[in-house]
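Indexing begins at 1, ligand by ligand and atom by atom, following the structure's order. Every heavy atom of this structure was used, including side-chain atoms; hydrogens, water molecules and symmetry mates were not.
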Amino acid sequence: MKILSVASEAYPLVKTGGLADVVGALPAALSEHGVQVTTLLPGYPAVMKAAGGRAVYRWRDLMGGGEARLLRGEIAGHPLLVLEAPGLFARKGGLYAAAAGGDWPDNWQRFAAFGQAAAQVATGGVRGLRFDLLHAHDWQGGMAPVYLRYAQAAVKSVLTVHNIAFQGQFGAEVFPRLGLPPEAWSIDGVEYYGGVGFLKGGLAAATAITTVSPTYAREILRPEFGMGLEGLIAGRSAELTGIVNGIDPAVWNPRSDAALCARYDEADLARRVQNKRAIEQQFGLDEAEGPLFTVVTRLTWQKGMDVLAGALDSLVDMGGRLALLGSGDEGLEQAFLRAAARHPGRIGVRIGYDEALSHLLQGGADAIIIPSRFEPCGLTQLYGLAYGCVPIVARVGGLADTVIDANPAALGAGVATGIQFDDVTHEGLTYALRKAVSLYGQPARWRRMQQRGMAADFSWKTSGAAYAALYRSLVSA
Ligand SMILES: Nc1ncnc2c1ncn2[C@@H]1O[C@H](COP(=O)(O)OP(=O)(O)O[C@H]2O[C@H](CO)[C@@H](O)[C@H](O)[C@H]2O)[C@@H](O)[C@H]1O
């Protein structure tokens, strides 16, 4: 079976968040099940490096964005297609926004063109390329199922929601330029609160919808989590499944990770201290007795970073230290930098994005704090589990599905892998931090939690099989 995976990001070529890790891991996860995944990416400068020079297709003018070509390439040994469209994707700055901030004003055109090209490729519009199904990801891929639908194509589609907070919402004035028939302007089409919704249109058009954990699949049926789309999703709940993300053992494995100062396994946890010393040095932290917490994240409201910023004095009072790596909201960045200035030697902050450092933090810190208000799946808790960096998580979405809370029953049975808490508030978070400090003071229990997490299976084995089964059921229906 041949799948065209349509996404804006894929590790290792282009990544701003967890979407890239998942899209990058799917081809290997599915090849074991007899499924060949070809990834289609926009021709961002970083992606063009992996593209071959010979075009397999040309558009003289792709949706008013100028000339475009389809190039073949490879991503981690798997087939890649790149939509080279210099007018749309060859620019400096962020993927979705200019360096100075503010979304690119032509985002509607960039990702409508991407979706239209994807639909054309999936339906055999390019000689030599044939696919059984199109799998689109998030709002940037959301228009691909829409174009399939209105072309009345036989090819089926899956749309995966990695984060419903980003919806690709544009003004009504773009509709006439999308090349869709008039009937697409309806409550059952792309129309959304008087404008055009790319994710909304994709959710209405796709043959099946998935999201990245079973709990999040239930949560998005409710207004608190559905962010306006709960009604539409509830109407399609028969076609909705939650498949939890796996992690790529070739990239995230403490036994072989080149970004660590010391590699280790569950029998050899003492070696983690070498990584801890390196973190202390890089973050200007004192060596101390209490737990070293870490955070690796986008600094946003979703991730509960405002609540964490407000709990840092308590964290230090309890004897904890923090090494934080992240970037995002300016106000939050400043709040963390101020906390670091208030607590020299106890709180270290690195504003920025650093893949290698994120590995070292998982390999040397004692616990990773993830106080998300919502979390479709979450990957950093999975990396934490794999690395013996105990996750402290809000009980939502994929965090609820992947961490076994250290409640008395789980501790008694020796199966706890982390700490969950209910309310993303100062009280909720400080309760969880206090519990972590107390458990850290019981070394045998703490070690047991680390080892249980490291022994858990978060490979793509189960989830790869679940995607393959879903694809098969759709293709044979
Ligand atoms: N400053 C920094 N430096 C280095 N690395 C950094 C970093 N900030 C973040 N990262 C990395 O980016 C990734 C973030 O993935 P997450 O799953 O935690 O969240 P994200 O919200 O991006 O993804 C969305 O999609 C994914 C994939 O489905 C879902 O798991 C998730 O719940 C959903 O919100 C991780 O690999 C993390 O290590």
The one among Tyr353, Tyr383, Tyr216 that brings a heavy atom closest to atom 10 (N) of ligand 1: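 Comparing heavy atoms across Tyr353, Tyr383, Tyr216, the nearest one to atom 10 (N) of ligand 1 lies in Tyr353.
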Only heavy atoms of [X], strictly under 4.0 Å: list the atoms of ligand 1 that pass.
X	value
Gly326	1 (N)
Gly17	12 (O), 13 (C), 22 (O)
Val22	27 (C), 28 (O)
Pro376	32 (O), 33 (C), 34 (O)
Gln302	34 (O)

For [X], which part has a heavy atom under 4.0 Å from ligand 1: side chain, backbone, both, or neither?
X	result
Asp21	side chain
Asn245	side chain
Asn163	side chain

N or O contact, [X] vs ligand 1, cut-off under 3.5 Å:
X	answer
Trp252	no
Cys377	yes
Arg298	yes

Side chains of [X] and [Y]: donor-acceptor distance under 3.5 Å anywhere?
X	Y	result
Thr210	Thr160	yes
Asn107	Arg110	yes
Tyr383	Asp21	yes

Please write down residue, atom name and distance for the protein heavy atom closest to [atom].
atom	answer
atom 8 (N) of ligand 1	Thr297 C, 3.4 Å
atom 37 (C) of ligand 1	Thr380 CG2, 3.6 Å
atom 12 (O) of ligand 1	Lys15 CE, 3.6 Å
atom 1 (N) of ligand 1	Gly352 O, 2.8 Å
atom 22 (O) of ligand 1	Gly18 N, 2.9 Å
atom 33 (C) of ligand 1	His162 O, 3.1 Å
atom 30 (O) of ligand 1	Gly378 N, 2.8 Å
atom 32 (O) of ligand 1	Glu375 OE2, 2.5 Å

Given Ile351, Leu332, Ile347, the one that forms side chain to side chain contact (heavy atoms under 4.5 Å, CB included) with Leu337: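 One option only clears the test, and that one is Ile351.
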Check each of Thr207, Leu40, Val6 against Leu134 using the side chain to side chain contact (heavy atoms under 4.5 Å, CB included) test, and report the only one that passes.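 The side chain to side chain contact (heavy atoms under 4.5 Å, CB included) with Leu134 is passed solely by Val6 among Thr207, Leu40, Val6.
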Does the ring centre of Tyr471 sit less than 6.0 Å away from the ring centre of His33?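 Ring-ring flag for His33/Tyr471: false, centres at least 6.0 Å apart.
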Do the two ring centres, one from Tyr216 and one from Phe225, sit under 6.0 Å apart?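 No, they do not, as the ring centres are separated by 6.0 Å or more.
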From Ile279 atom CD1 to Gln274 atom CD, the distance as rounded to the nearest 0.5 Å: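 Spacing of CD1 (Ile279) from CD (Gln274) equals 12.0 Å.
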Just how far is it from atom CD1 of Ile419 to atom CG of Asn407, taken to the nearest 0.5 Å?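 Result: 11.0 Å between the selected atoms.
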Test item, Gly398 contacting ligand 1 (heavy atom, 4.0 angstrom):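 No, Gly398 has no heavy atoms under 4.0 Å from ligand 1.
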Heavy-atom contact check, 4.0 Å cutoff: does Lys303 meet ligand 1?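 Flag set, Lys303 near ligand 1.
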Side-chain (Thr38) to main-chain (Leu4) donor-acceptor, under 3.5 angstrom: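 No, the answer is negative, given that no donor and acceptor are paired below the 3.5 Å cut-off.
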Take a 6.0 Å sphere around OH of Tyr431 and say whether it holds more than 12 heavy atoms from other residues, nucleotides or ligands.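 At most 12 heavy atoms, drawn from other residues, nucleotides or ligands, come within 6.0 Å of this atom.
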For Glu330, look at atom CD and say whether over 12 heavy atoms of other residues, nucleotides or ligands are found less than 6.0 Å away.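 At most 12 heavy atoms, drawn from other residues, nucleotides or ligands, come within 6.0 Å of this atom.
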Salt bridge (charged side-chain N to carboxylate O under 4.0 Å, His left out) between Glu266 and Arg452, worked out: CA-CA 9 Å; Glu266 45 282 44; Arg452 288 301 297 211; over 6 Å; no
